[in-house]
Amino acid sequence: MEVLKIATAGSVDDGKSTLIGRLLYDTKSLTTDKLEAIEKTSKQKGYDYLDFSLATDGLVAEREQGITIDVAHIYFSTDTKSYIIADTPGHVEYTRNMVTGASTSQAAIILIDARKGVIEQTNRHFFINNLLRVKDVIVAINKMDLVDFSEAKYNAIKADFEQLMGKRDYQGQRITFIPVSALKGDNVVNQSLNTPWYKGETLLEHLESLDMAAVSNVGTPRFPVQYVVRPKTEDFHDFRGFAGKVYGGELSVGDEVVALPSQTKSKIKDIYFYDKKFETASRRSSVTITLEDEINVSRGDMLVKINDLPTIGKQFTATISWMDSQQLTAGNKYIVQHGINKVLAKVESIHHKINPDYSGIDKEVRVLGMNDIAQVNFKLNKPIFYDAFKNHRTNGSFIMIDTQSNNTVGAGFIS
């Protein structure tokens, strides 16, 4: 079954958790005990409705304050797809959490309160989804019940958001507008009788109709070697295969490949998935590959097609999202983990800080604080093989690790 990863974004009280809870409820994905707990707590709070946000807000502080603080991952399935939803916080101070939630998503839901319209945080949420090349963005104009399901109000918000779309640099996104009431269930799973002027799909209908090939980022095939398979048994005494996951494209038997960093050449002999052989390994499939020649390939090396090499270098520029309370300054050293490889990196310079509300850049910046987004120049102690993030989402991204604490302190996207 296909798996679709979705990130949510929205300002405080826009109804992200309620929307997800409504999806779970209307698709009958809530367990009996969870539903009973929601009913009990809703009654205790004096509500005359079910508080569906209780289905996702797991931290005590979240339930007490009625806000989302951490990224929660919610799983549910229909007859055609499995879904993983990253419920991310809407606060400015949790920008890093939004980046984390969206970094592996193929689709995003941006919520807008119909009473407030497009606000500064909406700009931030759209900027992050644009930065991370999320292909399908659903703009859910929520709380339509509080504006009497006004078509004029919906159209005004849609027009404001379309102006925001003109500022993006990633034109490959598909933007879909849906008027919803998460609390009442209008246009979430079932069509609403309150919006006869809306002829489009419900939220779930749209998610169900998404073509996974269309929303997955396609690049050139990259095969990072995670493990060298040497069984040394009687049946497989001379077997030497390379296990890993195919990213970006397909690899087939007979393809001429280059092993990096040695740049030695060979051809793909066989492709195995457990005990079965395949002619082609599709993208995102985990397989074991054997080569026709006995060349030196180790964990951390990469197999690529012969005429499709990535950039090999010890310097690059990247947009980073800073996630640590300790400030980043030029000259600091970090471990950059790119795929399964770790290299020591020095921050050569901070080129500029990016204001994620589309208000421009700040070139007069010397340090980065938590939640800042900036363009930074790096110098590495040994070369890596990388692509620009816009061309290859997996091979163009990395994380930064503090050399002392071993904490993840930043996420980067190579320019």
Side-chain angles (χ1 to χ4, degrees), residues 1-10 14-39 49-58 68 71-88 101-112 129 132 134-145 173-195 198-218 282-286:
M1 185 177 287
E2 294 179 331
V3 179
L4 179 66
K5 296 180 181 178
I6 309 163
T8 60
D14 278 355
K16 297 183 305 300
S17 299
T18 301
L19 178 69
I20 297 169
R22 169 61 71 176
L23 265 174
L24 298 176
Y25 179 75
D26 283 357
T27 57
K28 297 179 172 54
S29 300
L30 290 172
T31 59
T32 303
D33 58 335
K34 187 73 172 179
L35 186 55
E36 289 174 352
I38 291 172
E39 291 172 345
Y49 57 85
L50 295 180
D51 183 3
F52 290 118
S53 67
L54 297 170
T56 60
D57 288 337
T68 301
V71 178
H73 288 91
I74 298 96
Y75 304 81
F76 76 100
S77 298
T78 63
D79 291 339
T80 58
K81 277 193 183 78
S82 289
Y83 296 93
I84 303 173
I85 302 180
D87 183 18
T88 64
S103 62
T104 58
S105 298
Q106 295 126 327
I109 302 170
I110 297 178
L111 269 81
I112 297 176
N129 280 288
L132 297 179
V134 178
K135 280 201 169 182
D136 198 272
V137 176
I138 303 156
V139 181
I141 301 173
N142 191 28
K143 304 191 179 183
M144 288 297 297
D145 53 308
Q173 285 173 323
R174 179 172 70 155
I175 313 294
T176 304
F177 297 89
I178 303 177
V180 302
S181 169
L183 188 64
K184 305 293 185 181
D186 296 84
N187 293 328
V188 178
V189 171
N190 302 308
Q191 285 282 351
S192 173
L193 297 176
N194 295 309
T195 55
Y198 174 69
K199 305 302 181 184
E201 299 173 311
T202 67
L203 177 62
L204 184 62
E205 284 172 346
H206 179 78
L207 296 175
E208 291 281 272
S209 67
L210 288 182
D211 180 357
M212 294 299 295
V215 296
S216 297
N217 286 271
V218 180
S282 58
R283 55 195 169 109
R284 304 199 68 79
S285 61
S286 297

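Position 1 is the first residue of the sequence; numbering continues from there.
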CA sep, side-chain torsions, deciding dist, call: R22, I20, side chain to side chain contact (heavy atoms under 4.5 Å, CB included): CA-CA 5 Å; R22 169 61 71 176; I20 297 169; over 6 Å; no

Working to the nearest 0.5 Å, report the span between [atom1] of [X] and [atom2] of [Y].
X    : Y    : atom1 : atom2 : result
I85  : I109 : CD1   : CD1   : 6.0 Å
I178 : I138 : CD1   : CD1   : 5.5 Å
Y198 : D186 : OH    : CG    : 12.0 Å
N129 : S105 : CG    : OG    : 8.0 Å
T78  : L207 : OG1   : CG    : 9.0 Å
K143 : D14  : NZ    : CG    : 6.5 Å

Sequence-distant partners of D136, salt bridge (Lys or Arg N to Asp or Glu O under 4.0 Å), two or more places apart: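 Result, salt bridge (Lys or Arg N to Asp or Glu O under 4.0 Å) vs D136: R174.
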
Any donor-acceptor pair under 3.5 Å from T8 side chain to A86 backbone: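 Yes: the side chain of T8 pairs with the backbone of A86.
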
Donor-acceptor contact below 3.5 Å, side chain K81 vs main chain L210: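 Checked: pair present.
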
Audit row: L30, I38, side chain to side chain contact (heavy atoms under 4.5 Å, CB included) steps and yes/no: CA-CA 10 Å; L30 290 172; I38 291 172; 4.1 Å; yes

Set of residues satisfying side chain to side chain contact (heavy atoms under 4.5 Å, CB included) with respect to Q191, sequence neighbours excluded: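 Per chain and number, Q191 pairs via side chain to side chain contact (heavy atoms under 4.5 Å, CB included) with N187, T202, E205.
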
Contacts of type side chain to side chain contact (heavy atoms under 4.5 Å, CB included), residue S82, not counting sequence neighbours: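 For S82, the residues satisfying side chain to side chain contact (heavy atoms under 4.5 Å, CB included) (neighbours in sequence not counted) are M1, V3, S77.
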
Side chain to side chain contact (heavy atoms under 4.5 Å, CB included) evaluation trace for L19 with V188: CA-CA 8 Å; L19 178 69; V188 178; 3.8 Å; yes

Pair S17-D87, side chain to side chain donor-acceptor pair (under 3.5 Å): steps then yes or no: CA-CA 7 Å; S17 299; D87 183 18; 2.9 Å; yes

Heavy atoms of other groups near Y25 OH, more than 12 under 6.0 Å: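 Incorrect, the count does not exceed 12.
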
Non-hydrogen side-chain atoms of L203 and V189 separated by less than 4.5 Å: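 Heavy-atom side-chain distance check fails, nothing below 4.5 Å.
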
Polar contact flag, side-chain donor to acceptor under 3.5 angstrom, E208-Y83: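 Y83 and E208 do have a side-chain donor-acceptor pair below 3.5 Å.
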
Pair S181-N142, side-chain donor/acceptor within less than 3.5 Å: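 No, because no side-chain N or O of S181 sits under 3.5 Å from a partner of the opposite role on N142.
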
Test side chain to side chain contact (heavy atoms under 4.5 Å, CB included) applied to Q106 and L4, step by step: CA-CA 7 Å; Q106 295 126 327; L4 179 66; 3.8 Å; yes

